[in-house]
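These notes are about the structure you will find just below.
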Amino acid sequence: MATFQTLPGFREFYPEDLARRNHIFRLWRQSAQVFGFAEYDAPILEPLELYKAKSGEEIEAQLFSFVDKGGREVALRPEMTPTICRLVGARANALKRPIKWFSIAEFYRYERMQKGRGRSFNQFNADIFGEPGPEAEIELIALLIQCLCSFGLTEQDFYIRLSDRNLWFYYLEALGLDEARIHGVLGVVDRHEKYGDEAFKAYTEKFGALDAALQGKILAFLQIKSLAGLERTLATIGGDKLGPRLADWRKLLGGLEAMGLARYVEVDLGVVRGLAYYTGFVFEAFDRKGALRALAGGGRYDDLVQKLGGPALPAVGFAIGDMTFALLLEQRGLLPAIGSAPDIYCVIGGERERMAAFADIHLLRTAGYRVEYPLKDSAFGKQFKAAAESQAKLALIYGTDELAKGVVKIRDLTDRTEHEVPSAQLVTVVRDFFST
RNA sequence: GCGGUCAUAGCUCAGUUGGUUAGAGCACAAGAUUGUGAAUCUUGGGGUCGCGGGUUCGAGUCCCGUUGGCCGCCCCA
């Protein structure tokens with residue numbers, strides 16, 4: 001029957017699907033506004049260069065890209081970060097600090113689809129620009145937690161793993177590794193959770209085998225799960241960068257603790273995140289059961305605004321994807337059936353009665369009530385059934401008798417009581433009903 | 001990009017060793033029912049059996065290809 005089908009990985013939103021999506025967007029938006037973030041939006045289509053400049057050519061494989069009629073190489077946006085960096089960079093000197101912005105938008109990646117991942121998806125993005133210290137991380141991680149908790153999720157359902165690319169860098173530097181080798185080790189760390197010690201293979205092929213003692217230290221570092229553990233390990237190392245960095249950690253975790261959010265956050269240096277532009281703290285949210293892919297991810301990217309042609313401007317941000325998030329809510333039974341019930345359903349006897357009803361329907365709708373009525377004449381019994389099914393609170397009955405008496409019969413569909421009201425007082429009576 | 005698996009009505013599924021005009025439940029619509037509620041009964045609309053080719057007297061069923069879904073890998077986060 002359907003000759004045309006949706007492109008692979010793309011979704012269609014029938015009314016009940018869109019109601020669910022709107023519910024999610026509404027709570028995300030509410031959380032961001034409570035935190036004082038301002039909403040922005042930007043083009044879906046961007047110059048291909050914007051993404052090449054950021055992550056190198058290999059990301060092209062994942063882009064929906066093409067040449068437009070003007071010969072420009074363009075791409076559907078695969079993420080928001082480069083775009084917002086351009087927006088903020090262009091007006092950085094005029095914007096009041098701190099710059100706290102958020103968006104809810106659709107993104108496109110040409111990837112193999114899997115559970116929780118499609119070729120088009122929505123993300124909530126929140127970013128803070130202009131704040132180099134961990135105060136920005138506190139604010140963002142708090143927002144992330146609020147975005148998840150506003151749906152009824154708790155620390156039983158999800159947690160945030162907090163890590164730090166700087167700390168890794170300083171630590172490995174203090175252990176005597178050069179920059180290329182440090183990046184190699186970070187690659188190992190990224191894969192270690194999944195592959196175990198197999199993950200060292202790639203490093204060994206490139207740089208030769210790691211010294212056994214060194215490898216032991218790296219693995220031990222990976223196991224650290226607390227600030228106290230970090231402090232213990234690093235106290236023996238020294239180095240002039242590690243001390244201040246630990247102070248940042250204390251400030252960040254102390255701030256979250258003071259907000260009452262410490263129970264959501266775990267130190268976990270196994271997170272390094274692949275995206276090339278992260279420079280400091282990085283964090284990811286996961287469901288506790290570990291059944292789903294990451295719910296959200298983010299981190300600091302202090303160099304990106306400048307790399308994209310703006311001024312030097314520190315930045316932190318995170319994104320929540322809608323697909324995995326919706327799966328989690330569904331699994332926890334936290335997606336309420338979102339009704340779209342009318343306030344009032346009109347039961348109409350015939351054509352003359354219909355005209356009388358139309359006048360009231362218009363008045364009531366103007367007054368802000370959602371009013372439904374059958375488009376075609378049908379039996380009263382059927383109309384009452386329809387009224388009940390619609391889950392309206394009130395039925396207004398327009399029959400021959402009522403019309404003759406100049407009244408409307410109001411039926412409370414909840415307790416099945418009814419009474420007559422003079423037409424002229426209808427709006428007032430309805431208003432009284434709904435205001436109590 | 002690789003591998004596994006699946007595809008019959010809007011949804012969930014049945015369909016015999018290959019055999020007449022492909023069925024059921026749910027949903028939708030009409031009627032019983034033009035003055036009162038989630039019920040019941042009756043009836044109806046809805047299918048290129050994902051698509052294309054092959055084998056056969058005959059294919060929803062067997063074979064090949066293809067498209068799409070799901071799962072895993074790769075990749076990515």
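Sequence lines set the chain letters: A, B, ... in the order given, protein chains first and strands last, and positions in each chain run from 1.
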Aromatic plane relationship, Phe124(A) with Trp28(A) - under 30° parallel, 30 to 60° tilted, over 60° perpendicular:
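Tilted, since the angle between the ring planes falls between 30° and 60°.
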Below 30° counts as parallel, above 60° as perpendicular, anything between as tilted: where do the rings of Trp101(A) and Tyr40(A) land?
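The rings of Trp101(A) and Tyr40(A) sit tilted, inter-plane angle from 30° to 60°.
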For Phe325(A), does the six-membered ring have the charged nitrogen or CZ of Arg293(A) within the cation-pi criterion, i.e. under 6.0 angstrom from the centroid and within 45° of the normal?
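Judged by the rule, Arg293(A) and Phe325(A) form no cation-pi pair.
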Rounded to the nearest angstrom, tell me the gap between atom [atom1] in [X] and atom [atom2] in [N].
{"X": "Lys115(A)", "N": "C71(B)", "atom1": "NZ", "atom2": "P", "result": "6 Å"}
{"X": "Phe107(A)", "N": "A77(B)", "atom1": "CZ", "atom2": "C1'", "result": "14 Å"}
{"X": "Met113(A)", "N": "U5(B)", "atom1": "CE", "atom2": "P", "result": "19 Å"}
{"X": "Phe124(A)", "N": "A77(B)", "atom1": "CZ", "atom2": "P", "result": "21 Å"}
{"X": "Leu292(A)", "N": "C71(B)", "atom1": "CG", "atom2": "P", "result": "11 Å"}
{"X": "Tyr110(A)", "N": "C74(B)", "atom1": "OH", "atom2": "P", "result": "20 Å"}
{"X": "Leu7(A)", "N": "U67(B)", "atom1": "CG", "atom2": "P", "result": "14 Å"}
{"X": "Leu327(A)", "N": "C70(B)", "atom1": "CG", "atom2": "P", "result": "11 Å"}

Pull out every residue in residues 379-388 of chain A that has a heavy atom closer than 4.0 Å to any atom of RNA chain B, ordered by number, or say none.
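Residues of residues 379-388 of chain A that come under 4.0 Å of RNA chain B are, in numerical order, Ala379(A), Phe380(A), Lys382(A), Phe384(A), Lys385(A), Ala388(A).
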Which residues, if any, of residues 393-411 of chain A bring a heavy atom under 4.0 Å of RNA chain B?
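Of all residues in residues 393-411 of chain A, the ones placing a heavy atom under 4.0 Å from RNA chain B are Ile397(A), Gly399(A), Thr400(A), Asp401(A), Glu402(A), Lys409(A), Arg411(A).
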What integer number of Å spans the [atom1] atoms of [N] and [M]?
{"N": "U61(B)", "M": "C71(B)", "atom1": "P", "value": "27 Å"}
{"N": "U17(B)", "M": "A32(B)", "atom1": "P", "value": "47 Å"}
{"N": "U21(B)", "M": "U8(B)", "atom1": "P", "value": "23 Å"}
{"N": "C11(B)", "M": "G47(B)", "atom1": "P", "value": "13 Å"}
{"N": "G3(B)", "M": "C74(B)", "atom1": "C1'", "value": "11 Å"}
{"N": "C28(B)", "M": "U67(B)", "atom1": "C1'", "value": "30 Å"}
{"N": "A29(B)", "M": "G72(B)", "atom1": "P", "value": "39 Å"}
{"N": "G44(B)", "M": "A38(B)", "atom1": "C1'", "value": "23 Å"}

[N]: pairing nucleotide in any strand, Watson-Crick or G-U under 3.5 angstrom:
{"N": "G72(B)", "result": "C2(B)"}
{"N": "A77(B)", "result": "none"}
{"N": "G19(B)", "result": "C57(B)"}
{"N": "G25(B)", "result": "C11(B)"}
{"N": "G65(B)", "result": "C51(B)"}
{"N": "U40(B)", "result": "A32(B)"}

NA contact type, Gly299(A), heavy-atom cut-off 4.0 Å: base, sugar-phosphate, or nothing?
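Nothing, no heavy atom under 4.0 Å.
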Does a distance-only test, which skips hydrogens and angles, find a donor-acceptor pair under 3.5 Å between the side chain of Arg117(A) and the base of C76(B)?
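Yes, the side chain and the base share a sub-3.5 Å donor-acceptor pair.
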Does the distance from a Lys or Arg side-chain N to an Asp or Glu carboxylate O, for [X] and [Y], drop under 4.0 Å?
{"X": "Lys409(A)", "Y": "Glu402(A)", "value": "yes"}
{"X": "Lys405(A)", "Y": "Glu420(A)", "value": "yes"}
{"X": "Asp190(A)", "Y": "Arg165(A)", "value": "no"}
{"X": "Arg332(A)", "Y": "Asp157(A)", "value": "yes"}
{"X": "Glu266(A)", "Y": "Lys225(A)", "value": "no"}
{"X": "Lys251(A)", "Y": "Asp248(A)", "value": "no"}

Let's go through Ile361(A) and Leu364(A) carefully: what are the C-alpha distance in whole Å and the side-chain angles of both, what is the deciding distance for side-chain contact (heavy atoms from CB on, under 4.5 Å) to 0.1 Å, and is it a yes or a no?
CA-CA 5 Å; Ile361(A) 288 167; Leu364(A) 289 165; 5.8 Å; no
When you match Phe286(A) and Gln114(A) each to their closest nucleotide on RNA chain B, which lands nearer the 5' end?
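Whichever sits nearer the 5' end wins; that is Gln114(A).
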Select from Arg109(A) and Phe10(A) the residue whose nearest nucleotide in RNA chain B is closer to the 5' end of that strand.
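Nearest nucleotide further toward 5': that of Phe10(A).
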Out of A77(B), G69(B), C76(B), which has the shortest distance to the side chain of Glu111(A)?
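Nucleotide nearest to Glu111(A)'s side chain: C76(B).
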Would you check if there is a donor-acceptor pair between the side chains of Glu106(A) and Ser120(A) at a distance under 3.5 Å?
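Judged by distance alone, the side chains do pair up.
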